[in-house]
Amino acid sequence: MIDKNYAPQEIEQKWYAYWLENKLFASKPNPEKEAYTIVIPPPNVTGVLHMGHMLNNTIQDVLIRKARMEGKEACWVPGTDHASIATEAKVVAMLKDKGIAKSDITREEFLKYAFEWKDKYGGIILDQLKKLGASCDWDRTRFTMEPSLYQAVIDTFVRLYNKGLIYRGVRMVNWDPQGKTALSDEEVIYKDVQAKLYHIQYPLVDGSGSVTIATTRPETIMADAAICVNPADERYVHLHGKKVRIPLIDREISIIPDEYVTLDFGTGCLKVTPAHDLNDYELGLKHKLPVIDILNDDGTLNEKAVLFVGVDRFEARKRIVKQLTEEGYLTKTDEYKSTVGTSERTGAVIEPKLSLQWFMKMEEMAKPALDNVMNDNIQLHPAKFKNTYRSWMENVRDWCISRQLWWGQQIPAFYLEDGTVIVAKDKKEALRIARDKYQLYALVEDDLTQDPDVLDTWFSSWLWPISVFDGIENPDNDEIKYYYPTNDLVTGPDILFFWVARMIMAGYEWRDELPFKNVYLTGIVRDKQGRKMSKSLGNSPDPLELIERFGADGVRSGLLFSAPAGNDLLFDDKLCEQGRNFSNKIWNAFRLLRGLEVVPGASLPEHVLATAWFTSKLNQTIIDVQDDFSKFRISDALLSIYNLVWDDFCGKYLEIIKPAYQSPIHADTLRDALSLFDSLMRLMHPYMPFITEEIWQVIDERAEGESICKAEFPIAGPVDAALVAQFDVVFEVVTKIREIRNSKQLSPKLALALHIKAENQAAYAPVEAILVKLANLESITFVADAVADAQTFVVKADQFFVPLANDEDPAVVKAESEKELAYLQGFKKSVEAKLANEKFVANAKADLVERERQKLADAETKIQSLQELLARLG
RNA sequence: GGUCUUAUAGCUCAGCUGGUUCAGAGCACCUGCCUUACAAGCAGGGGGUCCUAGGUUCGAAUCCUAGUGGGACCA
């Protein structure tokens, strides 16, 4: 006997091993078939699976499994990202625990440790994905730092440098004092903070008083280059060109006028600090002010600060405030709401810093990337992200691509002793160029020094859809030609610019073609209070534990029950519980069919009819599901299937064909039912791969190595709308009778008699047996007149009577019927009004008008029946 | 501050090109059932001013405008 509760753990393990063993996820170019390709958004190599990955990868798996079943050559490429900042931080921390400082070891030693660490802890996340059922082609697993992908990055750098798209220059960049590296604009997260606005007096050199400036960063006064006022500000006109002394250090600076200053902010006097603020920097350029950088790379103050040398910037702020107060320079402190940029990876407060870095020009590359999204060559789902995408692409700024780290692709720029830069794929090539270009024939490799910096992680990720198929190194290979462009990309909107936009740029740059046709943007998984899931809040469930509790199928369907594209998902265990219950429901439906005793023979006519009815429902659902998928409504498609399986198949179809207790089922009926079950399993397989495989394998004889993974996805046949309508009437009647039973508190075991006053008695003949069974009737009798002492109801135009001693207050019964009548009369009136409206008849579509006429006719017959009923009630 | 987006049942959301009297699903809730596939279940039920105010239209949850409250991105 099969267990009545579905136990997923063993089953999941068994089938995943089977799938791998039989290479069911493996793909290779097959010209006979259409390719369907997804590249995984590579998770950080040292990351662990979180709920966002679960959602994201479930969606990818649903898409890829469906494509595979539809006979496409489905290829899902997995892999990991080296995540330079995050991983380097982890390796540094690991070394620190061992008592090793990064500064004490060489680059080579560090990288050795880093690779060891990666080999030990990296890729855990990929094993976790297997638990989820992810059908990746694991033989294709790639890593952004492996030799071939590393080389692709180097080649890209050289190519773009030679095209003049990459340059090196001193610019104001976002400096992360904790990671001690520059960051791109996109890696800076702005946060609201409650800051203080300090009002500081600067004495005039001529002794005629002082000016007061307002600043949130008093520790930068030592870097001041000027005081700036708006020329239109009458308060300060007399001060233009005068000099003030910076408090505490007594350095003299000028007061200059510039329209940049806002009159009504603070005091209207702005301290200009070109080294530590982007706007001040530009103001400084305009007025040729000196740049005085008082900060070290780690955020401590340097000698140029004069005061607090070696002290951290935040500590220095506290101390300088204290000193300014003591010496009477600080006149006022206001509370001030402000925003501060922080590092996406380390969380440290970003310092704008003037620094020599490598940049990529974005304007030219952004153009095809923008155009091809706006014209829908590449579709974003949901489309609302097109707006956000456009505004970003239209305002794109040059990309700072160098990072002061060791873990990553080292920039292929080589310097001669005099600082001359040679960009080449390796030192040998650089030497050749140096010799040829500068006639430096005596030069040897040791005379060249490679740039110590590495490239931004995204500078490798943006090549991912191409580089996983070696399309950069070997652009004409069979794989890239077959699999590229890929089809769908599934990712979060938070990396739309970091990653998606740049992949599109890289696609057009390298292959003059889009990298994927659709981008499905998932929402963020939040907890049920709407908070983002995070380690520090501890509100993120452990995905593997969820799988343990609810089964992978349960978790997958649970996540998708409420995950419309682009909308955040408020996660609750409850959803997975619902998914698990669904697994169990399917399991028990199958137990029922498996447990039946079979006798040879043809199906009863009502069973044949029920099979035809359910087939229509199934076909309709397949049509709906395909429509949903075409619009990336993955969640809606699942709900359609859920309702079909639970309500129509289990609740109705199985109840109709289920034989009485200990009675056998006819072989033909069982065959039909199992055939439908088989279709349902195939329809559901993309969502619930494990349980569907388990059942599919025993529904019928299967060959060794065969799998539902490669079985055909159901194809919709015809839908018999009339039959569906007829069954709707049956179910409505059944519900009414059950309602009577419930309200009278009668046992479901008590068979009732039913009398029908029907317009068309013959219409009931084929479904009588079904009515008897579902409503538990002892008899159906057709009558010409009303039946006394009976519970009555009307469906369509027909009247139904269930003879029961009527102990209800006739007035109540009458009131209810009158209420229904009034409703129908109102309905009729509104439809009549509509049809009498010439503009409606003239403007509305013909079939709509026809439907309205039908509605009117139906309402009229029903009203008539109700009136008869009421007449009898007196 | 700018741009975009959103507001529907207690909760999470559907409602697709305006057209069933359209107000719907799941969960939650209430009532009754351990009816031999499933209590992780079955039968039935209650519940909404479709944010507010205008407008367009024969007709508005759906389109437009303004306001209010959320959210996202950008600075």
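Here is how names work: the chains are called A, B, and so on, in the same order as the sequence lines, proteins then strands, and each is numbered from 1.
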Check: A:Tyr389 ring centre within less than 6.0 Å of A:Phe385 ring centre: no
Rounding to an integer number of Å, can you tell me how far A:Ile665 CD1 sits from B:A37 P? 12 Å
Considering only heavy atoms and no angle criterion, is a donor-acceptor pair shorter than 3.5 Å present between the side chain of A:Glu655 and the base of B:A43? no
Send over the distance from A:Arg738 CZ to B:A43 C1', rounded to a whole Å. 6 Å
Which nucleotides of nucleotides 70-75 of chain B have their base under 4.0 Å from a protein heavy atom (B), which only their sugar-phosphate (S), and which neither (-), written as one string 5' to 3'? --SS-B
B:U21 to B:U65 separation - C1' atoms, rounded to the nearest Å: 29 Å
Could you tell me whether A:Asp398 and A:Arg171 have a side-chain N and a carboxylate O separated by less than 4.0 Å? no
Check A:Lys631 with A:Asp636, please: is the shortest side-chain N to carboxylate O separation under 4.0 Å? no
Take atom CG of A:Asp624 and atom C1' of B:C16, then tell me their distance rounded to the nearest Å. 12 Å
Interatomic distance where NZ belongs to A:Lys631 and C1' belongs to B:C16 [whole Å]: 5 Å
Select base, sugar-phosphate, or nothing to describe what A:Arg741 touches, counting heavy atoms under 4.0 Å on all strands. nothing
Can you tell me, in whole Å, how much space there is between the C1' of B:G59 and that of B:G19? 7 Å
Distance, rounded to the nearest Å, where A:Leu575 contributes CG and B:C27 contributes P: 11 Å
Nearest heavy-atom pair of A:Cys400 and A:Val173: which atoms, and what distance? SG-CG1, 4.2 Å
To the nearest angstrom, how far is A:Leu750 atom CG from B:C33 atom C1'? 14 Å
Atom-to-atom span, CG of A:Leu752 to P of B:A43 - whole angstrom: 17 Å
Of B:G41, B:A14, B:U21, the nucleotide closest to the side chain of A:Asp636 is B:A14
Round to a whole Å and report the spacing from CD of A:Glu860 to C1' of B:U20. 16 Å
Across all chains, not counting sequence neighbours, the ring-ring contact (aromatic ring centres under 6.0 Å, His included) partners of A:Phe497 are A:Trp392
Which is true for A:Lys585 with a 4.0 Å heavy-atom rule: it touches a base, it touches only sugar-phosphate, or it touches nothing? base
Side chains of A:Glu187 and A:Ser184: any donor to acceptor distance under 3.5 Å? yes
Please list every stem that involves RNA chain B, where a stem is a run of 3 or more consecutive Watson-Crick or G-U wobble pairs with both pairing distances under 3.5 Å. B:1-7 with B:68-74, B:10-13 with B:24-27, B:29-33 with B:41-45, B:51-55 with B:63-67
Counting distance alone, no hydrogens or angles: does the base of B:C38 have a donor or acceptor under 3.5 Å from a partner atom on the side chain of A:Lys4? no
Looking at every strand, decide which applies to A:Asn387 at a 4.0 Å heavy-atom threshold: base, sugar-phosphate, or nothing. sugar-phosphate
I'd like to know if A:Glu655 pairs up with A:Lys658 as an ion pair, taking the criterion as any Lys NZ or Arg NE/NH1/NH2 lying under 4.0 Å from an Asp or Glu carboxylate oxygen. yes
In terms of side-chain geometry, is the basic nitrogen of A:Arg217 or A:Glu351 positioned less than 4.0 Å from the acidic oxygen of its partner? yes
